[in-house]
Amino acid sequence: MKKIINNPEEVVQDMLKGLIAAHPNSLKQIPNTTVIVRKGAPVPNKVGIVSGGGSGHEPAHAGYLGEGMLDAAVCGEMFTSPTPDQVFEAIKAVDSGSGVFLVIKNYTGDVMNFEMAAELAEAEGISVEKVVVNDDVAVEDSSFTTGRRGIAGTVFVHKIAGAKAAAGGSLQEVKDVAEKVVANVRSMGMALTPCTVPAAGKPSFTLDEDEMEIGIGIHGEPGIERKKLTSADEVAEELTQKVLDDIKFNSGDEVAVMINGMGSTPEMELYILNGKVQEILHERGLTIHKTFVGEYMTSLEMAGCSVTLLKLDKETKQLLDSDSNAPAFHS
Amino acid sequence: MKKIINNPEEVVQDMLKGLIAAHPNSLKQIPNTTVIVRKGAPVPNKVGIVSGGGSGHEPAHAGYLGEGMLDAAVCGEMFTSPTPDQVFEAIKAVDSGSGVFLVIKNYTGDVMNFEMAAELAEAEGISVEKVVVNDDVAVEDSSFTTGRRGIAGTVFVHKIAGAKAAAGGSLQEVKDVAEKVVANVRSMGMALTPCTVPAAGKPSFTLDEDEMEIGIGIHGEPGIERKKLTSADEVAEELTQKVLDDIKFNSGDEVAVMINGMGSTPEMELYILNGKVQEILHERGLTIHKTFVGEYMTSLEMAGCSVTLLKLDKETKQLLDSDSNAPAFHS
Amino acid sequence: MELQVEQIVTWMEKTNEKIQDNKEYLTSLDQAIGDGDHGINMARGFKEVVQKVSGSDYESASDILKDVAMTLMGKVGGAAGPLYGTAFLKLSASVKGKKSIDCGSFVTGLEEALAGMKQRGKSEQGEKTLIDTWAPVTEEMKKAEDFDASLLFETAKTAMEKTKDIKATKGRAAYLGERSIGHLDPGSVSSYYLFTSLAETIRGGE
Amino acid sequence: MELQVEQIVTWMEKTNEKIQDNKEYLTSLDQAIGDGDHGINMARGFKEVVQKVSGSDYESASDILKDVAMTLMGKVGGAAGPLYGTAFLKLSASVKGKKSIDCGSFVTGLEEALAGMKQRGKSEQGEKTLIDTWAPVTEEMKKAEDFDASLLFETAKTAMEKTKDIKATKGRAAYLGERSIGHLDPGSVSSYYLFTSLAETIRGGE
Ligand SMILES: Nc1ncnc2c1ncn2[C@@H]1O[C@H](COP(=O)(O)OP(=O)(O)O)[C@@H](O)[C@H]1O
Ligand SMILES: Nc1ncnc2c1ncn2[C@@H]1O[C@H](COP(=O)(O)OP(=O)(O)O)[C@@H](O)[C@H]1O
Ligand SMILES: [Mg+2]
Ligand SMILES: [Mg+2]
Ligand SMILES: [Mg+2]
Ligand SMILES: [Mg+2]
């Protein structure tokens, strides 16, 4: 494990210190918590938007703090859902009286901790609504199991829910549009290398020099299938096809595309992949409204990528396009 | 070598295809070249700003195309300076009649190729000026040698020269402010791992699990010293001190800070490093005007970072802060 | 016998010891079918629990159990945090006001803890989670007349080991489907440490 | 003898062959003290040169040399591109209009090529660059009465090998300072291929 860190047990605290030091005018940390709130929150009459989860996915989630996006990010330990008390602090910090909306990725831990925080908040009279993002088509969706995971598509939910709230949407309206995004966003990822949690000291799986892992999550979990490494074009085919197979896309549908790097994959490779993804989508008759290529939801220094498609309608398109000054949301 | 690519010899062409596909509304490629120009260029009455160099430093240079920053980026082969004809095409594409300014990193190849292009342009009656960025304090500055390299500090030159041009500065004024930035910007980098040029297939140096290389460039070149890997705090001390030693900083001076990731270092680690860098600068009595943490000038999938300091005055501060819609320039 | 406050302290200390000693092991189990943080999370949580309860003066068993619950809830995170937190919260509530806990009350507490975890985790027995250790332990203890260390040891061990054969349908291991078979459930192993520590505590107090 | 257009084609073909065969070797030399692209750059450039000049009809030696120059300039990139490009451009200009080149004219051309490269690269002999191969070759050829293959072989080889002992003060290797000693200069090795290919061409035409 080669990392630029101090104490492996304190990476999250050290990171937050450096984060606040870098953005003293726009961000603040709630004392004695790992909650980062954007200055100016709570915004009067605006629904507060809170997201978060384990750390190690940077720029998620603190990079999405800003006007028109998130108001608070709850930063858990490495790949570990934050605890209810932390989420509760975040909720209190951003509630203007108009209620607070939680964007949760579908992991048992995140769902439980955020739900418990919502219960605590409601007990104190704060209205809370939530959405659980489950865009990862690598995992079977079934009511008998944990269901699909939330991965890079979550960033679209942050943006669109955040824009709706900024536009004056009510808690229910924010929830409605967030659910619409969740219903229309799908992702699929792959890895060339695993990643190492500092305190664990070794990677969670190993891959040979000629192997790749398809269907990985964003926590260094092994994927669903191990394969011989193929060309970028074949990777694009495989990931895009899986996504296209999952929800009905009709010729002429407008989509937003995200080509997300898992951490150590150079932007060059992401663009190479994008070239083929766009070709496939064009062949399929889809209209590409906007493309995002970069690192949006990472898994430490994992090498790999994910492809996300969001089917747009008039409302979500306009909200996706609306201004935001969140530093990590750019295309 | 594990990479998401097709033909290793065609990575630059494939990348540019994906880049244009991602940004069809803001960027265009000059046919049969590797020159990317922002739409709208040449901007009437504005000095055109051209930069570029070898590929493999993404988001540099095409990510800095945008209002208030670059007008054209010339993308050479992997880590290889683009040829004079390509640079010449870029110059012609962005000249509005107000002249064109070249931002060159100080490498023999870049300097020669850009100079030859400037000669070609001048022969056709286009006014061309240039600045050669040499911020890397790892390398001795001497008139008998090649001199210091240009690394991450180049991005500040792009921004400030670009802002000056956008504000209506003349070619000479753009040159003057660019030279002021060059005189006041210094960087120092380190690596934990090397990187692999696709067509070479193997890395340019190797490091043991407990080693780091200090003073690396951005082309996978070996650095100036090999050491045992230390803590983030010690790395921060070493890099920052080297930078501080190189030009005179007085207590009260205002600076911009860039903590640049070399490619595969997670943002988490960059923020951890930043925490200590800021501490050192505060102790030194410097006022930190703005901090940039992220990947600005990479070296493929190299793990490592660089620390850049730019001493500001009223003019450069205001130009640094002015708006730009270049996607990769955000803090 | 009845569990006294001091014995609950001992129980927590022993659990902490086992978890610290097996932090890497738990993490490696979670690396195989999860995300590799279970050892780190549990070690962080139980270290805090022991710091909180060791040497403190508690009036009642329910008070100390509530502090254990709140500490786990606030320090473990992930899936295990709210589950263990819920378990101890339910256990505490079930023995509310009691200075010490007899076996019957403890079993009632376990039943409520189990129900609470199932509800929180939306899970049932047989899904390769810590429920698969808690459920058999609760059931067997219900049949016993008093705290029985050997019974606890055996039941917890067998239950924990059985999770190896289960195909996961809840928690992160569920993502692996069939590939989860053949691996122990990390949460069941940490629960096994909890129950064997209880057994050792009982044995010490017999 | 005089160099004819066909011989210049042969010269380029032989050079290309050597460069393609030693692409990895050149790259590894550049990895040691540079950025590891010299083999890739030269191979890309000379492949194009051969595509351009093989089979084409050239009226004069100066025309083909100009095409070689423009191709190298436009395809090699890096430091080597403008340097080799400049060299061939100067060589071409120096023999302007000549159908073939006698030894004296060739030497004059080499002198101008060398001066052009020095000016373009702001470099002198002794800085561990391809100048350290071109300078001795030019000097020795100046002393000879006619094209002399053996002389070329020897001089180029000795000069190229000597770059190992030089501390670099120009090009990327200069960043390594003392650490550059003990490594061959990649540009000198590619220049060595160029001159030995010339020698072989001459030998074929003797
Ligand atoms: N829905 C659930 N119901 C009960 N137990 C669960 C559930 N999901 C996970 N667990 C338990 O939690 C353990 C994992 O805990 P931990 O690694 O700390 O959390 P996370 O999975 O969030 O990283 C699993 O081994 C399993 O025993
Ligand atoms: N200033 C210079 N003058 C003459 N030759 C130089 C100079 N700089 C570099 N070279 C030559 O160029 C060679 C490197 O070429 P190449 O690897 O293609 O370019 P780059 O260094 O830009 O990657 C060196 O080995 C050296 O012989
Ligand atoms: Mg976890
Ligand atoms: Mg090069
Ligand atoms: Mg886990
Ligand atoms: Mg080179």
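Excluded from the calculations below are hydrogen atoms, water molecules and symmetry mates; all remaining heavy atoms, backbone and side chain alike, are included. Keep in mind that this is a model prediction, so the values were computed, not measured. First the proteins, then the strands, lettered A, B, ... as listed; each starts at 1.
Residue A:E10: no heavy atom, backbone or side chain, is found under 4.5 Å from chain B. Residue A:H282 does not touch chain B at all, counting heavy-atom pairs closer than 4.5 Å. Heavy-atom distances place both the backbone and the side chain of A:L207 under 4.5 Å from chain B. Heavy atoms of B:M78 lying under 4.5 Å from chain A belong exclusively to its side chain. With a 4.5 Å cut-off on non-hydrogen atoms, B:E295 touches chain A through its side chain but not through its backbone. Heavy-atom distances place the side chain of A:L273, and not its backbone, under 4.5 Å from chain B. Of the two parts of B:T265, only the side chain, counted from C-beta on, holds a non-hydrogen atom closer than 4.5 Å to a non-hydrogen atom of chain A. In this structure, no portion of B:M302 lies under 4.5 Å from any heavy atom of chain A. In this structure, chain A has a heavy atom under 4.5 Å from the side chain of B:V293, while its backbone stays farther away. Residue B:I5 touches chain A through both its backbone and its side chain, counting heavy-atom pairs closer than 4.5 Å. Contact of B:A303 with chain A is not made at all, since no heavy-atom distance falls under 4.5 Å. Of the atoms belonging to B:Q278, it is side-chain heavy atoms, and not backbone ones, that fall under 4.5 Å from chain A.
A:H61 has its side chain within reach of A:M297: a pair of non-hydrogen atoms, C-beta onward, lies under 4.5 Å apart. With contacts defined as side-chain heavy-atom distances shorter than 4.5 Å, the pair B:R38/B:M69 does not qualify. For the pair B:D323 and B:E67, the minimum side-chain heavy-atom distance is 4.5 Å or more. Looking at B:L281 and B:L309, their side chains come closer than 4.5 Å, going by heavy atoms from C-beta outward. You'll find the side chain of A:K3 reaches within 4.5 Å of the side chain of A:T196, heavy atoms only. Put simply, the side chain of A:I259 reaches to within 4.5 Å of the side chain of A:V307, judged on heavy atoms. Inter-residue side-chain proximity for A:H219 and A:H57 is flagged as met; some heavy-atom pair is nearer than 4.5 Å.
The shortest non-hydrogen separation linking A:Y296 to A:N260 is N-OD1, 2.7 Å. A pairwise comparison of heavy atoms in A:L70 and A:S51 identifies CD1-CB, 3.8 Å as the closest pair.
Annotation: residues 229-243 of chain B contacts chain A through B:L229, B:S231, B:A232, B:D233 [non-hydrogen atoms, separation under 4.5 Å].
When the candidates B:N274, B:D14, B:T291, B:I4 are compared by the number of heavy-atom contacts under 4.5 Å with chain A, B:I4 comes out ahead. Highest contact tally toward chain A, considering only B:M1, B:E209, B:E267, B:K17, is held by B:E209 [criterion: heavy-atom pairs under 4.5 Å]. Counting heavy-atom pairs closer than 4.5 Å to chain A, the top residue among B:M212, B:E269, B:Q13, B:E58 is B:E269. For chain A, the option among B:M190, B:K276, B:E211 with the highest count of heavy-atom pairs below 4.5 Å is B:E211.
When only modelled atom types and interatomic distance are considered, B:S322 and B:K159 share a side-chain donor-acceptor pair under 3.5 Å.
The number of heavy-atom neighbours closer than 6.0 Å to CG of B:D210, taken from other residues, nucleotides and ligands shown, is above 12.
Taking the six-membered ring where tryptophan is involved, the planes of B:F329 and B:F292 are tilted, since the angle between them lies from 30° to 60°.
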